[in-house]
K.L.:
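Structure below; questions to follow.
Just so it is clear, the values below take in all heavy atoms, side chains as well, and ignore hydrogens, waters and symmetry mates. Since we're looking at a predicted model, the values are computed, not measured.
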Amino acid sequence: MTDKRRVALAIIVPGLLITGLAVSAIDVWLPPLVQHWLPEGTRLSLSGHIRPHAGRLSLPGIALQAGNCQALSVSGLSVGYRDHLWQWHASDVQLDTDCLATIPSSSSTTPEKTLAEWQALLPAGHWQADKLEILPRGQYAGSMSLTNQHQRQSLTYNSRDIQLSAVLDGRTLNLERLQFTPPGGAPPLTLQGSVGLAPEIGQWPEQGRLHGQLSLTGMPLTLNLHWQQQQGMLTVLTPESTAPLLQLPWTATPQQLEIQQGKWQWPFASQPLQGGIALQVTHWREGPEKSVISGRLNALTSGHGGKGNVVLSVGPGKLSLTDSALPLRLTGTANSPDLQFFAGLPAQLTGPLTGPEIRFLSGSLLRMRGQLLNTFQVDEARWPLAGVRLSVAGINGPLQAILQVHNRNSGRYRLQLAGQARDFWPDQGQWQWRYWGSGDLFPLKAAWDLQGTGDWQGQQITLKTLSTGFNQLRYGGVRVVSPRLRLTSPLVWARQADAPKLTAAFALTAGNTLFSYGGRLPALHLPFSVSGTSPRDFLYQARLSAGKLGPLALRGRWDGERLRGEAWWATQPLSVVEPLLPPDMKMKITGGNMRAQVAFSASAASGFRAGGHWVITDGSAWMPDNQIQGAAFSLPFRYQQQRWQLGYRQPVRLTIGRIVNQIGLSGVTASLQGFYPWSQKKPLRLSDVSLSVSGGRLSLAELRLPQRQAALLKADKINLSRLITALHPGKIAMSGLVSGELPLWVSDPHFIIRDGWVSNDGPLTLRVDKDMIDSITSNNMAAGVAIDWLRYMEIGRAQATLQLSSDGELMMKSTVQGTSRFSNHDQRVNLNYTHQENIFRLWESLNFGSNLESLLSQQLKYPRAEGNNNEKR
């Protein structure tokens, strides 16, 4: 080995040894070395060692401490060389801007470098970070790639909400693509364009032109921003609009950024809106923490009450990333076609700009008046907002509302609500409330009241208490005493999308329901429960009872558009409906059963519809004139558009075993089918009427309503002996059979029977009591001779025509031919007789004895309650 080789080896080997030792101990000697250039109060630390890996060098992790916080951390750092560029890679880079802000600024008087000088200092290479996280905006963490080559910098950044691609070529910044997705799933904002940067960093860019796309409430908008030196214009348009929605001319000086004579319009509301904008930002170059903002925005409206102007005054104050303090005041009048709003809302915007809070100050009040729902006139609506705080987290503070409305025809009402909110938005946070109200319902002559409590917590709405009702309801001939609806089990609505649920229980009660005709419905009780998924989709069950009437079971469903249900009335004694009958009818139901079933639906489109049947079996009743026994019918019905259809598949068949009265009726049958109210196209028909009376029959083929022709009532072989005996004339007796036809008119203004006739059906006999004839003869000899032939008379032909007017006047013309026997002689008799009398008064006089007999019989069989009570005592 030559001397030169020995010397070289002696130099190289120790040098390599020293270099290796230095590299292996870089985490020991590098931090103290760098500390000389770091600001005071900061410290650099390394973790790990340098080691080769897959053609690259893995470097130690880096951490920069500033006081008690960590300003920068880099992990997974490695370096390689490829394509003539150094390739730097980090798996995780975290930068804390709040911590960096605590580092004191340098007091060096060295002039700041220009943009070109900074670009010259940046070494050529490619920097890649798998995850770059800038705190406290960690939600925007993403991957970053930066390449510097030939004095040209290319930057890409991708995160969940931000995608950026830009190139800085000299002083020209080309923004190839910037897309930002706001929180809450709003449509993204995209920008493209170019910006000419000033030579000095921190100075306003000399010129620029940016073009963007965004969406507002589903409407695509185009954004254009351009400027030259210190002046520019921002415009926002829609693809269809000819005039900008927003036009902001601005100027920028080192002391102030100002918008003057800005304009905005919104032609898409129920009425077109427009206004102006003015804004000043002083000390804007010193950053948001030291910038002072002031300005105003106004909106012009027209409608109820004329023209309106609402002004939003802003500042002076600041918008800060950490602690904003910006006064706000909304004042003025806003008018819509039907309503008028008055605002006096002083407020303060505080908190960080990313999560601001608006706090309404003392005196904040929003008022409204006008026409509501085309039904009610709002005298005044008031929303006191003092103490209410509005933020991204929700609404906090007292929520109150007062509403006074009236309608000239329907009534006057006052409603109040008072509550407390805590971080409340729909389906998050909590809102507790209580409500109360009162009013007068003019059409029903009723005083109304309301009160209750509830809350909305998270995704659950709970109505804890409810009590509402009237002192009475009067409508037409009906009066309901003290109807009231109460909540017996809280209404709970769980609004979770995967398992929504609604439950509640109510009770509707009322005193007696009184009818003008004298009947009444006993005190009503209707408990019902609901269960479903929402107020637009639930099932219900109920049981209606009124005194001894009922219970009537109901169940059904409400689907948001139509109420459907079924009702069952189990078999019950017919006597339970007796309170519904008028007292002057003097009817007492003594027997029989009834049951009913109905299905119904109600909706705004089709109204109320119902169908079912009502059944009465073996019914019996007492009345002063009659006793009804063995009544039965099954009545199928439908109801639609305020019209009943009776017996829709086949006629309703009514049967009555007996009607006990002076005449005595039995075997009564009738059929009923049609509509009520009736019309020419939808008539009501009473047909196949038949009954037995005095050994014969009365029948009616058909009575059609409205009438087109007379309904023919036929009498067939009526036994006069039974009929006269039933009428109790006392001194007169007749025997034989008669038949006839009586044309009935129901709706004729003049006649009930017109052109009716009755004739004998075989021989008739007439006997007058001897004592009656002798008495007449003794008192009046001439009259006695005239009527002596009536002592006994055999009639061969008797025929009468009659008319009965609508007020009860009977006009009868009769012809009688027969043979009279008196003083042992037969004499031929021809009699023409005309009689006129009010049949209604005659019937009352004839019925006196029968009424007395019925009353005594009823009292003996059914003693009065007072008598029963006395006997029990």
Side-chain angles (χ1 to χ4, degrees), residues 513 515 517-522 544-553 567-598 611-637 639 644 646-674 676 684-693 697-700 703 847 850-851 853-865:
T513 300
F515 301 97
Y517 65 82
R520 67 178 182 87
L521 182 68
L544 171 65
S545 59
K548 296 180 180 180
L549 195 68
L552 179 66
W568 293 268
W569 196 342
T571 300
Q572 200 173 4
L574 186 59
S575 58
V576 298
V577 302
E578 189 172 297
L580 293 172
L581 302 176
D584 57 6
M585 190 175 183
K586 299 178 181 179
M587 174 184 284
K588 186 172 187 63
I589 298 176
T590 58
N593 295 301
M594 61 176 293
R595 69 179 189 274
Q597 183 174 350
V598 62
H613 68 271
W614 180 30
V615 178
I616 289 181
T617 57
D618 199 24
S620 60
W622 283 84
M623 289 181 292
D625 300 338
N626 305 283
Q627 298 176 31
I628 299 175
Q629 300 174 356
F633 67 83
S634 177
L635 173 63
F637 63 86
Y639 180 83
W644 295 90
L646 309 176
Y648 48 86
R649 287 195 179 93
Q650 59 186 8
V652 180
R653 193 67 174 169
L654 168 68
T655 61
I656 300 176
R658 292 181 63 199
I659 300 178
V660 180
N661 57 19
Q662 281 185 277
I663 299 175
L665 308 176
S666 62
V668 181
T669 61
S671 297
L672 183 68
Q673 187 176 31
Y676 181 84
L684 177 65
R685 288 184 171 89
L686 177 66
S687 60
D688 300 329
V689 178
S690 177
L691 57 94
S692 298
V693 55
R697 295 201 65 81
L698 289 177
S699 63
L700 178 69
L703 170 61
N847 278 342
S850 178
N851 292 348
E853 177 184 349
S854 176
L855 179 62
L856 292 174
S857 175
Q858 182 178 346
Q859 291 297 322
L860 290 172
K861 189 173 183 180
Y862 298 98
R864 290 183 298 174

K.L.:
List the residues meeting side-chain contact (heavy atoms from CB on, under 4.5 Å) with P583, not counting sequence neighbours, and say none if there are none.
P.N.:
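Residues passing side-chain contact (heavy atoms from CB on, under 4.5 Å) with P583: none at all.
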K.L.:
Considering residues at least two apart in sequence or located in another chain, which fulfil the side chain to side chain donor-acceptor pair (under 3.5 Å) criterion with Q629?
P.N.:
none
K.L.:
Please find the pair of heavy atoms, one from V615 and one from S634, that lie closest to each other, and give the distance.
P.N.:
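Reported closest heavy-atom pair: CG2-OG, 3.6 Å.
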K.L.:
Can you tell me how far apart CG (L684) and CG (L703) are? Round to the nearest 0.5 Å.
P.N.:
8.0 Å
K.L.:
Heavy atoms only: give me the nearest A621-M587 pair and the separation to one decimal.
P.N.:
CB-CG, 3.9 Å
K.L.:
Which of these, W568, W569, F633, sits in a ring pair (Phe, Tyr, Trp, His ring centres under 6.0 Å) with W614?
P.N.:
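The residue from W568, W569, F633 that satisfies ring pair (Phe, Tyr, Trp, His ring centres under 6.0 Å) with W614 turns out to be F633.
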K.L.:
Output all residues satisfying side-chain contact (heavy atoms from CB on, under 4.5 Å) with Y517, sequence neighbours left out; order by chain, then residue number.
P.N.:
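With neighbours one apart ignored, the set is F515, L580, P582.
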K.L.:
To the nearest 0.5 Å, what is the distance between CG on N593 and CD1 on I616?
P.N.:
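Here the interatomic distance stands at 10.0 Å.
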K.L.:
Distance check, rounded to the nearest 0.5 Å: I656 atom CD1 versus N626 atom CG?
P.N.:
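Between I656 CD1 and N626 CG, I get 9.5 Å after rounding to 0.5 Å.
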K.L.:
Looking at every heavy atom in both K586 and P624, which two are closest together, and how far apart are they?
P.N.:
O-CD, 3.2 Å
K.L.:
Using the salt bridge (charged side-chain N to carboxylate O under 4.0 Å, His left out) criterion, which residues pair with R685? Sequence neighbours excluded.
P.N.:
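R685 satisfies salt bridge (charged side-chain N to carboxylate O under 4.0 Å, His left out) with E702 once adjacent residues are dropped.
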K.L.:
Could you pull out all residues at least two apart from Y639 that satisfy ring pair (Phe, Tyr, Trp, His ring centres under 6.0 Å)?
P.N.:
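By the ring pair (Phe, Tyr, Trp, His ring centres under 6.0 Å) rule, Y639 matches F608, W644.
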K.L.:
Distance from L635 atom CG to H613 atom NE2, nearest 0.5 Å?
P.N.:
10.0 Å
K.L.:
Distance from T513 atom OG1 to L521 atom CG, nearest 0.5 Å?
P.N.:
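If I round to the nearest 0.5 Å, the distance is 4.5 Å.
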K.L.:
List the atom pairs, donor and acceptor, that lie under 3.5 Å between side-chain atoms in residues 665-672 and the rest of the protein, sequence neighbours left out.
P.N.:
residue, atom, partner, partner atom, Å
S671, OG, R653, NH1, 2.6

K.L.:
In Å, rounded to the nearest 0.5 Å, how long is the span from CE of M594 to CG of L549?
P.N.:
7.0 Å
K.L.:
What residues, two or more places apart in sequence or in another chain, satisfy side chain to side chain donor-acceptor pair (under 3.5 Å) together with S620?
P.N.:
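Side chain to side chain donor-acceptor pair (under 3.5 Å) check on S620 returns T590.
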K.L.:
Considering residues at least two apart in sequence or located in another chain, which fulfil the ring pair (Phe, Tyr, Trp, His ring centres under 6.0 Å) criterion with Y676?
P.N.:
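Scan of Y676 (ring pair (Phe, Tyr, Trp, His ring centres under 6.0 Å), adjacent residues dropped) gives W678.
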K.L.:
Test side-chain contact (heavy atoms from CB on, under 4.5 Å) on I589 and L581 and set out the steps.
P.N.:
CA-CA 10 Å; I589 298 176; L581 302 176; 4.1 Å; yes
K.L.:
Identify, with sequence neighbours excluded, every residue that meets side chain to side chain donor-acceptor pair (under 3.5 Å) alongside S690.
P.N.:
R697
K.L.:
Return the minimal non-hydrogen interatomic distance between P651 and Q673, and the atom names on each side.
P.N.:
CG-OE1, 3.3 Å
